[in-house]
Amino acid sequence: MSDDYRATPAAPAPVPDPADAGPPFAECVLCRKPTEYPESYKGITLCPVCEWQEAQRTACSG
C-alpha cells in the first residue's frame, strides 16, 4: 500500500498583482484600487468588486 495519497499538495502559483503587470491601469473611482481599464479609458472606472456591487444596487432598485 502506498502513502502517496497523504502527500501534501503543492502550493498554488502566486497570483500576479494587476498593478505590477501591463500598462498603467485606471483607479476605481470608489475604492481607488486598480481596475481592468487602462488610464486612457474615458468614463467612470470601477474595480471588479465595486462594479459587481453597483450592479447589485441597480438590479434591486427596480
Colleague: How many angstroms lie between atom CG of Leu46 and atom CG of Leu30, to the nearest 0.5 angstrom?
Modeller: 5.5 Å
Colleague: Please round to the nearest 0.5 Å and tell me the distance separating atom CD of Glu54 and atom SG of Cys47.
Modeller: 11.5 Å
Colleague: Once you round to the nearest 0.5 Å, how far does CZ of Arg57 lie from CH2 of Trp52?
Modeller: 10.0 Å
Colleague: Between atom CD of Glu36 and atom OG1 of Thr45, what is the distance when rounded to the nearest 0.5 Å?
Modeller: 11.5 Å
Colleague: Are Ile44 and Tyr41 co-members of a hydrophobic cluster defined by side-chain heavy atoms under 4.5 Å apart?
Modeller: no
Colleague: Determine the minimum heavy-atom distance between Ala26 and Pro38, stating which atoms define it.
Modeller: CB-O, 3.6 Å
